[in-house]
J.: 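Structure provided below as structure tokens; questions to follow.
In the text below, chain A, chain B and the rest are named by the order of the sequence lines, each starting its count at 1.
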Number of protein chains: 2
Amino acid sequence: MSTVGKAVSLLELFTLHEPEIGLSDLARRAGLDKATARRLLMALAAHRLIEQEPRSRRYRLGAGLSRLARIRDAHFPFVRLAAPVIRELSLETGETVHLSEFSAGALLTLHVELSAKANRVNVDVGQVLPLHGTASGIAFLAASRLEAVGAYLEKPLQAFTAFTMTQPDDLVKAIALAASRGYSRSAQGYEEGVHSIGAAILGADGQPIGTLAVASPVSRVDDATAAGQGEAAVRAARLISARLTGEA
Amino acid sequence: MSTVGKAVSLLELFTLHEPEIGLSDLARRAGLDKATARRLLMALAAHRLIEQEPRSRRYRLGAGLSRLARIRDAHFPFVRLAAPVIRELSLETGETVHLSEFSAGALLTLHVELSAKANRVNVDVGQVLPLHGTASGIAFLAASRLEAVGAYLEKPLQAFTAFTMTQPDDLVKAIALAASRGYSRSAQGYEEGVHSIGAAILGADGQPIGTLAVASPVSRVDDATAAGQGEAAVRAARLISARLTGEA
DNA sequence: CCCAATCGGTTCACTATTCGAACCAGTGTT
DNA sequence: AACACTGGTTCGAATAGTGAACCGATTGGG
């Protein structure tokens, strides 16, 4: 791997649940020598991509990242462009709709429009969704390159409910169905009582960058409703994709 | 410079005003060979820190940055911690108060609480403030290490109004005064008719990471008012510093 | 209380990675 | 048609990266 790749992989070790890591730990997990890790960290720190807590001497992500992200968000406003479409879809379906962006092997919830109904599905911004077991994830996999899907299926699939698909074969079928229909359907794979319809949002290079999903209580959805939500979700996802690439 | 440093300096070429740049241009500005620049860009792209517009083949900042910035912001919530203090200071002084973070040789405005008065100073989030000529900048320099101040004074100082301090000697005096008082005072150095009181916010390592400033119309401020604002600004800045380092 | 096992950090000979001049092919401009 | 740009590629030379061994400082059992 390139030196730059190693440096970035150090950055990627930090997560929401573990935002500060010590040198030895960092080196071990990245598969690097301590000396190498330290040199890379110092280089990153010189550009404020990493900073070091002076007391514990542990490392954390730096302010430079916030700066760069602001520049990006100002120019590539995924959430800003998608939000009105998400809102419209929520009003049209009467259900909760959420927007996710793919990042590091999972989907990160960026924006949510809640249903106006009393009995509704609640989703939190910031929630991390697995690719299997959520409609969003299956829609994302259905739009991904085959090799990416294969790589994901290599790892064991965690069960979140009694309904979670943990057999690669089942997942492959679900992905194939989603690919042919343009949207995915999943019931209670991640949370009990929740039914979801997902559709992938594509970037300028045709690769999926995120998804949107319509989430309803299972009791409210029959096949006809699901089909209607599916078509609406696909339209919304295509509209966002088009706006992102400047085609609309 | 290290390879990593070169890669990061490529990222830093992107700005709010120029969020997409071509390969040759990028290489030229970073002082790198085209081949080198491209290799670095590909390494960054592999980790989603950069992406390439397939049509124009120009490069832009990638989604990975947004992800990393979210992780950082969740753990190190500068704006989130500071906002209520800023609000309180605005109510106490009756004036507009803004929060800035240091980044790449300048101060970036992150948050603003506007005065309730009809005649007030307006500041925009995202606005970039120079270190000389603003109260925020002088407060920041006064809290910085001497070598950082020296390095900044090496470069010519741009004049923004007829009142902007462009002589290093004058600036040194202003910095010394700010350092002894704990807050800085500046009138019309950046924009005509605006009077500002600035105070630095320190990170866990004692180095300044940003500033806050009370901005009023010049007509409304006499020495006594300024002194009062100064003390209030210092208190607020210290409170934010303490909360950031987990001391309160 | 001391020993052992960590920790973060540093050194330096070795070598693999990075560098960059020269080279494509493509696209406007003159 | 010649020119001046683009983005992208190649490959021998040279530079920058590597990591085992080594600090001194903490930490936590026994």
Side-chain angles (χ1 to χ4, degrees), chain A residues 1-15 18-62 75-76 203-207 245-246, chain B residues 1-15 17-62 75-76 145 203-207 245-246:
Chain A
M1 190 191 294
S2 69
T3 310
V4 175
K6 287 173 200 163
V8 179
S9 71
L10 279 175
L11 292 178
E12 289 175 339
L13 292 174
F14 296 91
T15 65
E18 196 172 12
E20 288 196 350
I21 311 182
L23 173 61
S24 296
D25 219 6
L26 228 26
R28 209 168 12 241
R29 294 195 215 179
L32 299 171
D33 188 89
K34 250 188 328 172
T36 303
R38 175 146 215 283
R39 195 167 29 75
L40 296 176
L41 287 168
M42 296 322 264
L44 291 169
H47 291 266
R48 304 175 141 258
L49 261 49
I50 223 131
E51 42 189 51
Q52 186 175 22
E53 174 76 31
R55 306 166 83 91
S56 67
R57 300 213 263 184
R58 282 142 62 92
Y59 297 87
R60 61 155 172 254
L61 298 175
H75 173 243
F76 189 75
D205 55 357
Q207 289 304 304
T245 52
Chain B
M1 191 191 295
S2 69
T3 310
V4 174
K6 287 174 199 160
V8 178
S9 71
L10 279 175
L11 292 178
E12 290 175 339
L13 292 174
F14 297 91
T15 65
H17 310 101
E18 195 172 13
E20 287 196 352
I21 311 181
L23 173 61
S24 297
D25 218 6
L26 227 28
R28 210 169 10 245
R29 294 195 216 180
L32 299 171
D33 189 87
K34 250 190 327 173
T36 304
R38 175 147 216 282
R39 195 166 28 74
L40 297 176
L41 287 168
M42 296 321 263
L44 291 169
H47 291 267
R48 302 172 142 262
L49 261 49
I50 224 132
E51 37 188 57
Q52 187 174 21
E53 174 76 32
R55 305 167 84 91
S56 66
R57 299 212 265 185
R58 282 142 61 92
Y59 297 87
R60 72 162 99 98
L61 297 175
H75 174 242
F76 191 74
R145 281 168 313 178
D205 56 357
Q207 289 304 304
T245 51

J.: Specify the separation, in whole Å, of atom CZ of A/R58 and atom P of C/dC7.
T.: 12 Å
J.: Hey, could you give me the CG/OG1 distance between B/L40 and B/T3, rounded to the nearest 0.5 Å?
T.: 7.0 Å
J.: Is there side-chain contact between A/I50 and A/L10, with heavy atoms separated by less than 4.5 Å?
T.: no
J.: Output the rounded distance in Å from CG (A/L32) to P (C/dG8).
T.: 14 Å
J.: When you check the phosphate oxygens OP1 and OP2 of D/dT6, does a side-chain N or O of B/Y59 lie under 4.0 Å from one of them?
T.: no
J.: What does nucleotides 9-17 of chain D look like as a protein-contact string, B for base, S for sugar-phosphate only, - for none, at under 4.0 angstrom between heavy atoms?
T.: BB-----SS
J.: Rounded to the nearest angstrom, tell me the gap between atom CD1 in B/I50 and atom P in D/dG7.
T.: 14 Å
J.: Measuring from B/R39:CZ to B/D33:CG, what's the distance to the nearest 0.5 Å?
T.: 9.5 Å
J.: Step by step, work out the side chain to side chain contact (heavy atoms under 4.5 Å, CB included) result for B/L26 and B/F14.
T.: CA-CA 9 Å; B/L26 227 28; B/F14 297 91; 4.1 Å; yes
J.: Mind listing the closest non-hydrogen atom pair of A/L61 and A/E51 along with its distance?
T.: O-CG, 3.6 Å
J.: Could you check whether A/R28 gets within reach of a base, just the sugar-phosphate, or nothing at all, counting any heavy atom under 4.0 Å?
T.: sugar-phosphate
J.: Quickly work out the A/I21 CD1 to C/dG8 P distance and round it to whole Å.
T.: 11 Å
J.: Would a distance-only check, ignoring hydrogens and angles, find a side-chain to backbone donor-acceptor pair under 3.5 Å from A/Q52 to A/R57?
T.: yes
J.: Using whole Å, report how far CG of A/L26 lies from C1' of D/dG19.
T.: 17 Å
J.: Specify the separation, in whole Å, of atom CZ of A/R57 and atom P of D/dA25.
T.: 10 Å
